[in-house]
Every structure is written in structure tokens, then in C-alpha cells.
Amino acid sequence: MSFQEIAALMTIAVPLLAAIAVFTTGKGRNLQGLIYIAAIVISISSIAMVFGGLNRFTLVFPEFSWIVILGLEILLTGIFLYYAFKLKSIIIAAAAVIEIIFSALSPLNTAPPLAVDSLSMVLILITSLLGSVISIYSLHYMRNDERKREFFTVIFVFIAAMNGAVMANENSWFILFWGVTSLCSFLLIKHPETHEAQKAAKLALTINTAGGAALAVGMYLAVSYYNGDSLESFSSASMAVPAIFLVAAAMTKSAQFPVQSWLPGAMAAPVPVSALLHSSTMVNLGIYLLLRISQVFADSPALSAGVAFIGLISFVAAAVLAAAQSNAKRLLAYSTISNLGLIVMCAGIAQPHALMAAIIFLIYHALSKALLFLTVGSVKEKTGSEDIEDMRSLSGKSSFLTAALITGIVSITLPPFGMFASKWMIIGAASANPGIIIPLAIGLGVTSLYYFKWVGVIISPTDPAVKDKQPKEYRFSISILLLSIIALSISIIPVAQSIARAASETFELSPDLFTLELSGGLFPLVIILLVSIISFLAFFIPPKGRRIKGYACGETEQYLPAGEYYLSKNYQTIFKKFVYALSIFTFILMVVVGVL
Amino acid sequence: MNALLALIETIIIILIGGLSLGIARKLSARMQRRIGPSIFQAFYDVSKLFSKEPFYFKRLPIVYAISSMAFQIAAIFILIYGGDTMMAFFVSGAGAVYLAAGAFASPSVYSWIGGRRELLAIAAYEPVLFVLALSVSTHTHNIILIFPAVFIAMVPVLSVLLERSPYDVPAAHQEIVTGPYAEYAGPMLGILNIAKWAQLGFVYVLISMLVWSPTLAVNLTLKIVIVAAAVFITILIDNATARVSRKTMIVTLPIITLGLMALNIAVMHLAGII
């Protein structure tokens, strides 16, 4: 075994070992040391794997490994059935049974069980690094929790399953890891044991096991009728029928309309769980699956248009809904659905630039969402509320948290940060389908509206400024994210180049298709960076002139403007119903046209 | 050398943006049978603003004002230098957003409300600019013949940017004085004014890219005529209409403009031209 293969295996094995160790240790200090060590080892092994080179490699296991996998799948089904019985849900039970039947029926095949290429590496890096930061953050956040051992056990299993899923090549392995992530997300959402959390967890499990069943059926069809023994075999329009099942499964994981409802519901869980679900695990898996099978879309116009429009609908609709939210976590949940919609759209378009856009968006979105969620968690500890209106004048209270929130928001909306992503996406979209352009434009407008409305609340000043103590406990995890976003943004040119190379290797297309599309050369980019640096430095130059106080046209009474949220609850419900109808119609249309 | 030339052109375009404000005021005045200010009024205003005493409340609004100007100027430069249109569009959009952010960071309710309305206006007009930028970057030559709707859609956008009815919502003079600019004074207001000129200049360049001719003189004339036509129609509408509410703006502006453009794209797509 080469060094790289060992590192790849370690990204699965270390979190699993950590989970076992956490579960068996006692309370107290042990836990802290253990989690720090686990986080560091996971991070190092994921980075070591990438330093081994971006070339694809496979991992082969002894012949009998299929028995182990089957055994684990049966165990997983047993757990699903147990919870189905406990929650009195027939859908979960039915989905679990369908999943096990179809994955047991699938004939044995000879594809290597694990394969790692550059796309997998990107996802393993996201999962391992962000997962580690989030688990360190949780150490303090969950300090008063009675059952924190279980909590951390599930988190590490989650990271292991996620890494496993993006490495899995052979069908049954992929189905198993996919199922484990569903289970872990259910356990984490359920963790607070409140009524709301129970309800949200049940919804999440229902939707995700249904997705798992769709995945198993799709894989079974692929193996039995279309000679597809692994994810790699999904490469042409002849695989359209199984691909549709896989698309449905991906929609459940990545929370696309009409099956998005579990993600906003999951905000009942503690902040680290949201951060984990939204940035480093879970939702990325659906995107990963779509990117993996994107060559089917490239070959089949019906599927391509269908997936692109489902993503587009989710992008615009969730952005409009996000503009109507006054709860920061709920806003972030809708913004995740919205951003994922954009990535799904790119995967659906499946044109080289769109694929590059999808990957770069995946990276920036994961980082920025992790940062935003963790910061909202710290703000909540500080002010006792996660409502946007209660964050008014946060800039006067904590400049650190304000900087973190603004960086998180700016990094995916404004240049020089998310710009490449948007640019490539638009090139892809424009060449694929002119019908996409105008909804895309509206969505981008609404996105900047809801994000900067929030920024506006945060930076509105108080007079005189209230100085609070800065939070120390979370400084480490938030600073790491902050610094990595800034570092990635400054090094945008090499990052973009390596993503282009990774994309051309993953999708096995000529590197000439994956150009950076810079008509004026690098100079305009340098100008953008320069301007950004100037505006950043402007903050440190002391302003000239006399300092004055605020003036309200002689009004003595202090009053604060209330936020504007455009859509009332009623309108939101009506709007959602409309979007459900639209997205279901699009999906059915895609199935009908795609199969015919 | 290239960069120097682009820089000089950028400065000229910013000045044209400032000049257009004066021309718009003069035109509007003549339509109302007033004499109106000099067409160089915008320059007089700004030079006077820079001679005023600087004072400030906090650093943040100043940072945002400077960023706004820097990004708007960079947008024109990138466009002229031959970097991409889409990239320039994003940079200009960032400049617009920083203006709203500066208003939010200022210590007054009026400026806060102004900032919020500015943001709403941005959400309404940026999509239109986006489609314009995209059509300019994906097609060449006389784009106006393929996308006439894009030109028509620019009129409502210009009425937002020139602060003219019916869409002068952020700077609604009767209620909140000058909207996002409420808390700026002296040199900082001057800087924001230059940012505004640059933004207008950027939009004019985009509009002028709709027409093209191989001969330099004809090309220049065509470009000036199309920009002048857009400004003239905007002023004409300004004098014929009253300001709408912001709800009406957020509904009507995108529907009229994007609806027209969607129709345009659909017809051209069906006709097989694009």
C-alpha cells in the first residue's frame, strides 16, 4: 500500500476510532484531549492524502468484504426499522426495507470498492478540515450537555461516513455510507430531545431514507439492466433511467424543492450540527453524486434541462424565502438551499465551465456557511438570541464577530471572492440555455438583498458605543475559518487554476475545455485584488477631521427602524405551495421526457 | 502603455458621468421652462465639497464610501482595459452595495432607511444590468438589433441611477432628504458623488456597447447618440410621471424590464437567431 492510500484510509478509520474512543471514555478532561487529537490527526491525514498527488487511485479489499458490507447494511436497516417503529412511521420502514431488498438483490460485481480522484479529494478536504474545526468548536458549545459523549460519537461517525461515501466506487459501499449519513443527521437533529427537534428529526429521517431507497433502486437498475457496476459507469444518456433515481436521491440530500423542508426544520438542532449539515457533510453528498453522474446530463438534454431547472427553482425560491426570515439560522438554512440550488443547476448544465463553477462554489459555500453558523452560535451565546433584529449594532459590541459575519457574507457574494464561481457559472448557463439567464439574474439580486439587509442590521451604529468583552472560547475555530477564507481569496488565481486541472481530470475531458476565460489576462484580476486591499486598509487609516455625534434632525426621541421582511407567514405559505407545484411539475416533466 | 491609455479613458468616462448629471438637470429644467443650472454644476458642487471641513462620526461609513468609489472606478477600468464585461459588472455591483452599507453604518434613522431602500433598488436594477452586461459580453456588433428590449429596459434603470421619477425611491426627497447620502458631508460626500459619476459612466459604456460600426467617426457618433437617447427618454419620463412607492418599484421595475427582455430572448431563440 502506498503512502497516499494509507492516508485515504485513515480519513475513514481515524474518525471511526475516535468515535469508539469517545464513546468508551469517561467524562471530563479525557474527552477534550481526545477530540483535539482526533481533529488534528483527521486534518493531517486528509492534507497528506492531497499532497500525494491529484491522480486517481483505487483501493482493493479482500474478496469477503462484501459480506461485511452486507452485514453492516442489514444492521443499518435494523436501526432504521427500530426508529420507524418508535416514531410510528410507515414511510421510514418501507423505505428501509426497499433499500435493503434492492441492495441485497444487486448482483456481485468486480469494481474496486473505493476509488479516490480529485473530486473526492476536494470533498474529503472539506469534510475533514471543516469537520475538525466544528468538533473543536462544539467542545465548548456543548460543555453543559449531559449526553455530549453520544453527540461527539455521532459527529465522528458522520465524518467517517461522509469521507467513505465520497470515496466509494462500488454501489453497495456507496449505499451503505449514504445510509449512515442519513442516520447520523437524524441522531444529531434529535439530540436536544425537545418536541421541535423530535419532529424535525422525524421529517429529516423520512425524507432521507426515501432518498436512500431511491438510490438503492437506481443502483439496482443500473447493475441489473444497464451494465453499470459503479458510479463511474454513469457516463452516457443510456443510463438515463437509473440516473433519474439518483437525481431524486441527490435532491433529498441536498434539500432541493420540493423535498427541502427537512433542512429549515433542522435548525432545531444545536449550532454545530447546523454547521456540520450545511457546510462540511450531508448536503455536499447530493451535490457530489450529481457531479459524479454529470456526464449523463451532458449527454441527455432532457435530464440536463430538468436538473438545471430544479436547481434554478430552488435557487430563486429559497432566496425569496430567505429575504422573509428574521431568524438568522432560518435565513442561513434557506440561503443554503438557495446556494445549493445554484450548484445543482451548474451540475445539471454539465458544461465544463459550469462544472468548475460547481466545484469552486462548493468550496466557498462550505467555508462561508461554516463560518456564518459558528459565528451565529457565538452571537447567540453572547446575546441570548439568534434573531436578526437582536443583532442590531453588533459592530459596537464585538468587532471580531462582526468581522467574521461580514467576511462570511462578502466571501460568497462580492468580488474578488466568489466572483470566479459566478463568472464560470454564467458562461456555462448562457451557452446552455437562454431561459436560465433571467431567473438567474433575479436570484442574484435577491441574494444580495437578503444578505446585505442582515449586514445593515449588524453594522448600524450605537451612540455611544457599548464595549463588551470579546468571546475567547470560540476565537480559535472562528479565526481559522476566517483566515482560510481570506487566504483562499487572495490566492484566487492559483486556486482557480488547480480547480480547473482537478475538474478536467475528474470528468476526463480535455484540459483545453477548462480555461479560466480571462480575456484581459491577469491584470484586471490584480486590479480587483488591489482595490479590495485598499478598501480593507482604509479601515486602519485614522480619519481626518473633527469627530461629531449623530444627528436626527432635532428629534430627541431615540427610535430604531424595524427590519423589513417583505413576505408575511401567509404569503410565504402560498408562495411555497406554488413552488412545490412548479418543482414537482418540472421533475415529472424531466422523468417523462427523459425516459421517452 | 495600454494600462495608461485605459486609465485616461477611465477618467474621461467618469467625467462624462458627471457631465451627464448636469445635462440631465439642464434638460429637465428646459422641459419645465426653467433656465436651470449650468451643465457643469456637478463639477462645481464636488469641487466645493472638497473645500469643506472634513468631519466624521465613525470610521466604517468612510471606509465604505472609499470602497464604493474604488470599486466603481475599477469597474470602468476593467471594462476599458479589455477584461471581461461580467467581471466588471460584479465589481460595479460591489461598489453599489458598499454605498448601501455605508448608509447602514451611519448614525441616523434617515440614512438607515435610505440604505434599505437603496438595497431594494439594487435588487431591482442589478438583474437588468446583469442581462445587459451578459448580452454585451456574449454578442458583438450591433446588439441592439438583436436585443432591442435591452435598450428599452435601461430607461427605468437610468431613472433609478439618475434619481428621477418614477423610481427615485432611495433618494425620496420629501421624506428622507437624500437617502443613503443623508449622513455624509464635505469631502466624503464628494467621494460618493464621484462614485456615482463612475457608476453612471460604467452604465453608459455598457449601453454604448450595444451599437458598433467599423468607421471610428460613425462608431463614436452612434455610441453618443444611443446614450443621449437613453438619458433623454429618462428625463422625459421623469417630467411626465410621479414617484411610485417602493413596493410598486420592486414589483414593476423587474417585471417591465425583465419581462420585456425575456420576451426578446424567447422570440430570438425561437427565430433561431441566438
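Heavy-atom basis, side chains included; hydrogens, waters and symmetry copies ignored.
Most heavy-atom pairs under 4.5 Å with chain A: of the set B:Val131, B:Leu129, B:Leu120, B:Ile122, this distinction falls to B:Leu120. Listed options B:Ile66, B:Val97, B:Ile62 were ranked by heavy-atom pairs under 4.5 angstrom with chain A; first place goes to B:Val97. Contact count against chain A (heavy-atom pairs under 4.5 Å) is highest for B:Ser106 among B:Pro254, B:Ser106, B:Ala100, B:Gly93.
Neither the backbone nor the side chain of A:Tyr450 comes within contact range of chain B; no heavy atoms are under 4.5 Å apart. No part of B:Glu126 comes within reach of chain A, as not one of its non-hydrogen atoms sits under 4.5 angstrom from that chain. If you measure heavy-atom distances from A:Ile458 to chain B, you find no contacts under 4.5 Å at all.
The two residues A:Lys453 and B:Leu119 make their nearest non-hydrogen contact at N-CD2, 3.3 Å. Residues A:Phe452 and B:Phe104 share a closest heavy-atom pair of O-CE1, 3.8 Å. Contact detail for B:Pro127 and A:Gly445: the closest heavy-atom pair is CG-CA, 4.3 Å. Shown here for A:Ile438 and B:Leu258, the closest heavy-atom pair between the two residues is CD1-O, 3.5 Å. In plain terms, the two heavy atoms of A:Leu449 and B:Ala123 that are nearest each other are CB-CB, 3.9 Å.
By the 6.0 Å and 45° rule, A:Arg392 stacks over the aromatic ring of B:Trp112.
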**OP:** Using the side chain to side chain contact (heavy atoms under 4.5 Å, CB included) rule, take A:Phe536 and B:Val63 through it: C-alpha gap first, then chi angles, then the decisive distance, then the call.
**Re:** CA-CA 8 Å; A:Phe536 179 71; B:Val63 174; over 6 Å; no

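Among the candidates A:Ile527, A:Ile528, A:Val531, the single residue satisfying the side chain to side chain contact (heavy atoms under 4.5 Å, CB included) test with B:Phe77 is A:Ile527.
Contact annotation: the side chain of B:Tyr64 never approaches that of A:Ser535 to less than 4.5 Å [non-hydrogen atoms, C-beta and beyond].
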